[in-house]
Amino acid sequence: MLSKRIIPCLDVAHGRVVKGVQFVDIIDAGDPVEAAIKYDEQGADELTFLDIRASHESRDTLYHMVTEVAEHVFMPLTVGGGVKALGDIENLLHAGADKVSINTAAIITPELVKDAAERFGSSTIVVAVDAKAVDDHWECFTHGGRKPTGLNAVDWARRMSDYGAGEILLTSMDADGTKDGYDIPLTRAVSDAVTANVVASGGVGTLEHLAAGLTEGKADAVLAASIFHFGTFTIHEAKAHLASKGIPVRL
Amino acid sequence: MIGLINYGMGNLHSVAKALEKVGGSVELVSDAEKLNSYDRIVLPGVGAFRDCIGALKDTGMDAALKDVLASGTPFLGICLGMQILMDVSHEFGRHPGLGLIPGAVKPFPEQHSERGFKIPHMGWNDVVLSSEKTPHPVLEPLAGQQVYYVHSFCCMPENPEHLLGVCSYGDFPFAAAIGRDNIVAVQFHPEKSQRAGLALLEAFLQWHP
């Protein structure tokens, strides 16, 4: 049976992991290779790296980092942040990424997603959707939730799936950072609307939140950052909890 | 020396690194005339079927590969490198493949996504080896393990003898592994399947069909 995936997310800047990774036995917490190896040992199903600076000057550093990580861990890697054109996607795939996440550029040029899926295959194209509740619906935001786009998030996710995105990385800007759990109604609404895989993101504080994202939210995978970074839970503990709830996971 | 076929598509880096990790020496081959100088051949694949077969034909690699496989060189196909072995693919039209394994490449049934199964089939799933046959030596290390799949199309071999392992997505079974003689090919990505995948690659390097 297809397992539900658990994906730790690492924020990077200038090729280093930022936002305090606190694995006990890692000397240099900012080393992306060490962090990747640690998550690999814990049984993570995939890794996601988001370049939070994504400046033009730091692109080569990012490519180099992806190559280094891909030489050490043999699991799927998603990389996002600052992807603007087909050339950026090609460079990341050649560096060793398996999937590339597109965010703002998809909103500015939706056709980019269609072209990318045709050229590199749906399985390599992820569209990141940052959504926030506005009145009686959810709207897409850019720039870390500061800039509204006027796009209905559920309709937008469906359009991106129809354009060939193989996965939607769905972040609730309302839930993000709260530790109160995923936005379940949002996750479920998007999951019901698209044929693409849905990765729930934003708001995880407990293992029960992961379970809720997968069952009530109907997500195919759950992404979390801080609960794993700060050692609150290991991936093993998370999977054991999900398995005890009857959710299929790879143990 | 392992020849890793480079037809100008996708990233061969991960496959090369994984083979090296289990002790293999790898060279990228883009010159069809050199294909017969390797002990083992690996054909990875990402992207579209049509582009892949087109690139293999343009470089003369299709004919060279058939010759080398007829001579008995052990071969591993991965993902699209498996699908390309079939007679024909129905991905974006109808495109002939290498015809080394009789059968077709078809999409998951349309009603599958309507029933809530997402396309592509993406993530960790099983490889069920037939209980009636001796497990294939390359696949044997996978017993009880899950491996990483990402694909929207599946191989449908006509001859049940060519079916070496099965995976089910929902209630839809498809070929996880196929092969005959010196050919073995898998739908999942051993280079992305952590320990289980590396164990398969190691078994491939030890395999003497």
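All values reported here derive from a predicted model rather than from experimental measurement. To find a chain, count down the sequence lines: A is the first, B the second, and so on, and within it residues start at 1.
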| request: Verify side chain to side chain contact (heavy atoms under 4.5 Å, CB included) between A/H94 and B/H13, making sure each step is shown before the conclusion. | output: CA-CA 8 Å; A/H94 275 278; B/H13 192 76; over 6 Å; no

Side chain, backbone, both or neither: which part of [X] has an atom under 4.5 Å from a heavy atom of chain B?
X      : value
A/A44  : backbone
A/T124 : neither
A/S161 : neither
A/D220 : side chain

Query raised in the report: Which answer fits B/H121, side chain, backbone, both or neither, if we ask what part of it has an atom under 4.5 Å from a heavy atom of chain A?
Result: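 B/H121 touches chain A through side-chain heavy atoms alone.
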
Q | Per-residue contact mode, B/Q194 against chain A (heavy atom under 4.5 angstrom) | A |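 Contact with chain A: backbone and side chain both.
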
Starting at [atom1] of [X], measure out to [atom2] of [Y] and round the result to the nearest 0.5 Å.
X      : Y      : atom1 : atom2 : value
A/R250 : B/Y148 : CZ    : OH    : 10.5 Å
A/F74  : B/S193 : CZ    : OG    : 11.5 Å
A/D98  : B/S14  : CG    : OG    : 5.5 Å
A/L2   : B/Y169 : CG    : OH    : 5.5 Å

Report yes if the side chains of [X] and [Y] come closer than 4.5 Å at any heavy-atom pair, otherwise no.
X      : Y      : value
A/R5   : B/M122 : yes
A/S3   : B/Q146 : yes
A/T195 : B/K118 : no

How about [atom1] on [X], more than 12 heavy atoms from neighbouring residues, nucleotides or ligands closer than 6.0 Å, or not?
X      : atom1 : result
B/M1   : CE    : yes
A/E111 : CD    : yes
B/K57  : NZ    : yes
A/H64  : NE2   : no

Per-residue tally against chain B (heavy atom, under 4.5 Å) across A/A221, A/G43, A/P248, A/S191 peaks at A/S191

With chain B, the option among A/E90, A/K99, A/H72 that has the most non-hydrogen atom pairs under 4.5 Å is A/K99

Chain A: which of [options] shares the most heavy-atom pairs with it under 4.5 Å?
options                : value
B/K192, B/R195, B/H189 : B/K192
B/I119, B/N125, B/V128 : B/N125
B/S168, B/G123, B/G170 : B/G123

Note to self: Can you give me the closest heavy-atom contact between A/S123 and B/V150, atom names plus distance?
What the structure shows: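 Heavy atoms only, the tightest pair is CB-CG2, 3.0 Å.
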
